[in-house]
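Below: one structure, written as structure tokens.
None of the values given here were measured: they were computed from a predicted structure. So you know, we letter chains A, B, ... as the sequences are listed, proteins then strands, and number each from 1.
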Amino acid sequence: MKTDELREKYLAFFESKGCVRRPSDVLVPKGDKTVLFTPAGMNQFKSQFLGIGPLEFTRATTCQKCLRTGDISNVGLTAYHHTFFEMLGNFSFGDYFKEEAVLWAWEFLTRKEWLGLDPDRLTVTVYLDDDEAFGIWENQVGLSRDRIRRDDEHENFWPAGAPSEGPDGVCGPCSEIYYHPPTGGKEVEIWNLVFTQFNRVGPPPDNLRPLPKKNIDTGMGLERTAAVLQGVESNFEIDTLKQVCLAAGEAVGVPYAFASEHGRALRRIADHVRAVAMCVHEGVVPDNVKQGYIVRLLLRRAMLEGYLIGKHEPFLYSLVGTVFDVMKAAYPDVAGSTESVATTVREEEEHFLGIVDRGLAKFDRIVERCRKSGEARITGEDAFELHTQDGFLIEMTEAMAARHNLAVDADRFRQLLDVHREKSGAGVFLDAVMAEGPLDAIRKTSGGTQFLGYEVTTVDAKVVGIIAEKQLVESVDEIGEGHPIAVLLDRTPFYGEAGGQVGDVGVISEEGVLFQVLDTQRDDDLLLHIGHLRRGTLSVGDTVRAVIDADRRAGIRRAHSATHLLHHALEQTLGPHAMQRGSKVENDALRFDFSHKGPLTPEERLHIEDLINARIAEGAPVSTVVVDQKTAKERGAKMLFGEKYPDRVRMVTMGEFSVELCGGTHLSNTGQVGLCRLIAEEPVAKGVRRIVAYTGHRALERVRETESLLADVARALRVSQPQELVRRAEQLHDEIQTLKRELSQFTKASVGETVETFLSEAETVSGAKIVCRRVDGADRDMLREFADQLRSRAGSAAVLLATEIDGKVALLAAVSKDLISSKGVKAGDCVREAAKAVGGGGGGRPDLAEAGGKDVAKIDDALAAGAAVYRKALGAAG
RNA sequence: GGGGGAUUAGCUCAGUUGGGAGAGCGUCUGGCUGGCAGCCAGAAGGUCAGGGGUUCGAGUCCCCUAUCCUCCA
């Protein structure tokens with residue numbers, strides 16, 4: 001059975017049991033800051049499992065795109081590990097329970113019209129004391145007792161080990177179904193049924209309280225089950241992934257076969273490139289933070305495998321088409337983005353090869369050093385430096401070291417990495433309050449926060465929760481900056497950061513109490529006012545007044561509406577491909593990333609700015625309505641790729657030209673933007689450009705700053721009109737050049753004359769001239785020129801020159817080469833001795849040394865002291 | 001968010017315990033020369049990212065800022 005067929009059959013089967021077929025959630029779940037990527041099928045149903053909010057349905061089934069990196073080192077090595085994979089699931093929220101879950105699973109697996117697996121090849125497990133599940137398997141399914149195994153809480157409980165070790169919260173026993181292949185190979189776990197039926201409260205005993213509403217959460221690995229059905233020994237041999245492996249072999253230049261030399265490497269490439277392609281499709285591009293970083297890491301690990309086989313140029317990008325070919329049946333929208341995803345991947349590959357290239361120089365130096373010192377291995381410190389500064393994965397350093405017959409101290413490396421991890425710490429500000437447990441608890445007791453900020457800026461509300469240090473607290477009285485505190489209200493005017501728009505700031509107050517809100521974040525339907533208490537004691541249950549900084553909000557509204565105008569202007573100017581890739585909206589400032597190849601021309605920039613300001617000038621009305629998704633689509637609202645929208649959406653319309661789905665705060669008329677100026681246009685990633693623009697006050701200030709800067713420069717350069725600035729600057733530059741040249745020629749000439757005099761008046765010791773003179777009005781460069789000329793004209797010379805610069809003494813000594821080698825005369829000895837006389841110090845090389853001192857009056861003493869050193873050195877040796 | 005590193009000629013980069021700013025490529029000029037990075041000679045081109053400090057003296061040491069790279073979260 002093909003993988004696509006399996007996926008469809010599963011969903012169809014559970015639809016026939018009354019489950020609502022829901023689309024896969026996106027890979028980066030929105031409104032859930034507790035995970036980087038969607039790790040399992042149940043993730044999108046978190047609030048349903050918690051019993052929060054209205055239930056539109058009580059049974060569901062999905063095929064969920066998932067990404068996990070915990071077992072990344074096993075990928076390609078074992079038969080079943082992946083980073084990206086698909087999870088088939090059926091879910092019950094207080095609806096059906098164990099009996100149905102078990103019987104339906106059995107029916108789907110064994111009935112001819114569904115999977116038709118041989119029942120004799122299946123065994124199951126249940127949790128130690130879950131007699132209910134045991135009974136269902138034995139009596140209703142009819143399995144003999146020897147095919148039902150009881151396992152402990154680490155195997156058959158979710159979360160693993162929860163009863164004795166926690167965490168607190170919903171949990172339950174599970175039951176797993178195993179397949180035993182006819183080849184006699186190892187058994188395969190193909191389905192895990194989780195019976196969520198307890199709430200854990202504290203440590204044992206008697207800590208598992210039955211839930212009033214019991215849930216079902218099951219997961220069946222798509223690739224695993226496909227492997228079973230197709231009778232192959234590894235997930236990578238199924239119809240879909242095998243194609244990617246074959247394509248990877250072709251791209252790297254070695255044929256793929258499961259047991260071949262490069263099989264493991266090619267499987268890794270296939271797995272990682274699939275994960276990368278699916279992520280990039282959803283707009284998660286390689287980057288150095290969060291999800292983007294994981295994508296970059298996956299991409300680089302995949303590249304590394306190819307690199308070590310000998311492929312030293314980009315190749316992953318060429319696999320994107322194959323990946324999307326095998327994924328498009330389930331996710332049709334991937335087909336359209338092959339080209340842009342491939343371009344992004346290729347760009348990152350080229351980037352990485354460039355980094356490796358640069359790092360190779362350092363690597364070679366390290367190898368060379370090892371060879372010289374006879375070391376047999378590269379130190380952990382060196383490997384760590386290659387890792388943290390040049391992006392060399394440890395595997396890469398090891399493989400490349402092996403080619404030079406060197407090992408790598410990997411233990412030390414890992415030790416250093418651990419220290420590094422420790423030092424890096426976690427994000428302190430948000431982490432302290434965005435804790436899952438307390439948030440769920442507040443959600444349960446009080447429901448979501450009612451947001452009133454579209455209409456008003458001030459709201460009287462009730463405090464429903466306070467979080468400090470990841471704990472729910474009844475009240476806070478700690479004044480100050482120490483630890484961030486999150487306050488939750490039943491209703492609020494504060495906008496929580498979302499859709500690129502930053503969170504509001506402001507104050508929450510009551511009689512004698514003041515809480516300053518520095519940021520507002522959201523967790524799904526909860527709004528968290530994050531900040532510090534300034535006065536009094538704030539307690540849960542208090543009635544407070546919540547007031548946002550309205551001026552700042554007004555600037556944010558201007559910037560947000562201008563963002564829509566910019567989006568519109570970009571499409572008009574550059575074409576429909578200029579789609580939004582990300583945005584940030586702040587107080588009168590905005591940042592907008594969009595798809596486009598290459599930099600914009602100055603004309604395009606001007607045209608975009610003109611278009612935006614034309615829309616502002618025409619004063620088009622801005623209206624906001626909440627409609628269902630279908631209506632919005634019909635109205636032609638812009639939808640983003642890889643973005644998942646709720647069924648009811650907020651649609652923002654401006655005049656006749658712009659319709660977007662947007663939860664942000666907007667103006668009522670485009671004219672209120674006032675002025676919009678493009679400030680910068682820059683690359684973010686290949687195929688993605690960023691525009692920064694200012695609106696309102698800030699745009700005006702920017703213009704004024706530029707003007708006043710020009711005026712200042714004009715004043716400084718003594719021109720009456722800014723138009724003359726360029727000519728004036730060029731003229732000045734030329735003048736300085738000419739003067740410098742003239743000065744140095746003049747100096748050389750005048751030095752030449754004086755040098756003759758100095759030499760004729762110099763004393764001679766053992767055939768060498770000793771010149772110790774004061775040169776008034778010279779600078780350090782001039783002293784050098786003197787020393788050079790004296791040495792070259794005299795042949796053998798020992799020189800000490802002194803001058804006064806800025807009220808301090810400058811000394812310079814020089815000795816010709818012959819005196820250094822034959823008599824051991826050193827300029828440094830002389831200058832040090834001389835410097836003592838003027839209260840300073842110095843040094844340098846034998847042929848040239850410099851020093852300085854403070855006592856100008858003693859310059860002659862210094863010269864005498866220097867001359868004495870020379871005399872002694874020359875005399876003693878001669 | 002934190003750690004490490006980088007920033008020197010148009011480009012790619014050297015620059016040793018602090019003591020005279022360099023190379024290759026490119027550009028320009030002159031000469032030589034039938035070829036695939038033509039050859040030879042000469043020249044122009046630098047606030048050593050910016051600011052502060054230590055020092056007689058800072059590209060070099062310390063602090064701050066900006067930008068980029070990289071690792072960790």
Side-chain angles (χ1 to χ4, degrees), chain A residues 33 35-36 69 286-294 296-297 300 348 351-352 354-362 365 381-394 396-397 413-414 416-432 434 484 519 680 682-684 732-734 736-738 740-741 744 779-789 791 799 801-815 826-828 830-832 834-856 858-859 862:
Chain A
K33 292 196 161 70
V35 292
L36 279 180
T69 53
D287 194 6
N288 58 1
V289 289
K290 298 199 169 158
Q291 285 93 354
Y293 182 64
I294 304 282
R296 169 171 280 176
L297 209 58
R300 289 185 176 182
E348 177 67 14
H351 179 72
F352 184 50
I355 292 166
V356 168
D357 215 37
R358 277 201 294 281
L360 279 177
K362 185 183 282 181
R365 273 201 297 276
E381 279 78 4
D382 282 336
F384 183 68
E385 190 175 306
L386 282 169
H387 177 71
T388 56
Q389 287 170 20
D390 302 286
F392 273 41
L393 299 170
I394 181 70
M396 173 145 177
T397 306
F413 172 84
R414 276 176 234 296
L416 289 166
L417 198 60
D418 284 342
V419 174
H420 183 52
R421 278 208 185 96
E422 195 66 32
K423 261 197 305 198
S424 294
V428 270
F429 193 70
L430 285 183
D431 253 29
M434 299 297 279
D519 187 19
E682 58 199 22
V684 184
L732 283 171
H733 186 253
D734 288 350
I736 291 167
Q737 293 290 327
T738 312
K740 266 190 184 167
R741 206 171 297 133
S744 91
D779 60 12
R780 286 182 181 276
D781 282 336
M782 215 159 146
L783 293 184
R784 276 188 202 109
E785 183 66 32
F786 263 107
D788 281 348
Q789 291 202 27
R791 278 187 299 186
V799 181
L801 301 167
T803 189
E804 182 189 333
I805 300 173
D806 296 335
K808 284 190 253 178
V809 182
L811 296 165
L812 182 137
V815 176
K826 292 198 181 90
C830 169
V831 89
R832 250 190 301 277
K836 274 186 200 163
V838 286
R845 305 187 311 262
D847 65 312
L848 189 104
E850 287 180 89
K854 284 166 186 156
D855 199 345
V856 181
K858 298 228 174 107
I859 285 184

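At a threshold of 4.5 Å between non-hydrogen side-chain atoms, the residues A:R791 and A:D847 count as touching. Taking 4.5 Å as the limit, every side-chain heavy atom of A:I859 sits out of range of all side-chain heavy atoms of A:L811.
The pairing partner recorded for B:G26 is none, the criterion being a Watson-Crick or G-U wobble arrangement whose two distances lie under 3.5 angstrom. Searching all strands for a Watson-Crick or G-U wobble partner of B:C39 with both distances below 3.5 Å returns B:G31. Across all strands shown, B:G45 forms no Watson-Crick or G-U wobble pair with both key distances under 3.5 Å. If you check B:U16 for Watson-Crick or wobble pairing at under 3.5 angstrom, you find it has no partner at all. Across the strands present, B:A66 finds its partner in B:U7; the criterion is a Watson-Crick or G-U wobble pair with both atom distances under 3.5 angstrom.
Computed from coordinates, the A:L393 CG to B:U70 P distance equals 12 Å when rounded to whole Å. If you measure from atom CZ of A:R296 to atom C1' of B:U70, you get 9 Å, rounded to the nearest angstrom. A:R832 has its CZ atom 19 Å from the P atom of B:U55, to the nearest Å. We find that NZ of A:K836 is positioned 15 Å from C1' of B:C56, with the value rounded to whole Å. B:U70 atom P lies 12 Å from atom CG of A:L297, rounded to whole Å. The interatomic distance linking A:R845 (CZ) with B:A21 (C1') rounds to 13 Å, in whole Å. Atom CG in A:L812 sits roughly 17 Å away from atom P in B:C56 (whole-Å rounding). A straight line from CE of A:M396 to P of B:U70 spans 13 Å, rounded to a whole angstrom.
Minimum interatomic distance between A:V809 and A:K854 (heavy atoms only, all atoms of both residues): CG2-C, 4.4 Å. The two residues A:G842 and A:A851 make their nearest non-hydrogen contact at CA-CB, 3.6 Å.
Separating the P atom of B:A21 from that of B:G5 is a span of 27 Å, rounded to the nearest Å. B:C62 and B:G24 are spaced 31 Å apart, taking the P atom of each and rounding to whole Å. Across the P atoms, B:G19 and B:C13 are found 24 Å apart, a figure rounded to whole Å. Rounded to whole Å, the C1' atom of B:C11 lies 13 Å from the corresponding atom of B:G45. Nucleotides B:A58 and B:U67 have their P atoms positioned 28 Å apart, rounded to a whole Å. With both ends at atom C1', the span from B:G46 to B:U27 equals 16 Å, rounded to whole Å. Comparing the P positions of B:A43 and B:G22 gives a spacing of 13 Å, expressed to the nearest Å. Atom P of B:U60 sits at a distance of 8 Å from the matching atom of B:A49, rounded to the whole Å.
For A:I394, the side-chain contact (heavy atoms from CB on, under 4.5 Å) criterion is met by A:A383, A:E398, A:V408, A:F413, A:R414, not counting sequence neighbours. Checked against salt bridge (Lys or Arg N to Asp or Glu O under 4.0 Å), A:D779 has no partners two or more places apart in sequence or in another chain. In this structure, the side chain to side chain donor-acceptor pair (under 3.5 Å) partners of A:D781, at least two apart in sequence or on a different chain, are A:R784. Residues satisfying the side chain to side chain donor-acceptor pair (under 3.5 Å) criterion with A:E804, sequence neighbours excluded, are absent altogether. Every side chain to side chain donor-acceptor pair (under 3.5 Å) that A:Q789 has, sequence neighbours left out, goes to A:E785, A:R793.
Taking for each of A:F352 and A:G841 the nucleotide of RNA chain B with the nearest heavy atom, the 5'-most of the two is the partner of A:G841.
As judged by a 4.0 angstrom heavy-atom cut-off over every strand, A:R414 is placed among residues making no nucleic acid contact. Residue-level contact check: A:A849 touches neither bases nor backbone, having no heavy atom under 4.0 Å from any strand. Using a 4.0 Å heavy-atom distance criterion, A:G844 is classed as a base contact. Counting non-hydrogen atoms under 4.0 angstrom, A:G853 reaches the backbone sugars and phosphates but no base.
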Protein-nucleic acid N or O pairs under 3.5 Å, nucleotides 7-9 of chain B:
none

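Taking only side-chain atoms of A:K808, from C-beta outward, the nucleotide of B:C71, B:G57, B:G19 with the closest atom is B:G57. For A:K854, whose side chain is taken as the heavy atoms from C-beta onward, the closest listed nucleotide among B:C56, B:G19, B:C71 is B:C56.
For B:G4, the base is anti relative to its sugar; the glycosidic angle deviates from 0 by more than 90°.
Proximity of A:R780 to the phosphate of B:G19: no side-chain N or O atom is located under 4.0 Å from OP1 or OP2.
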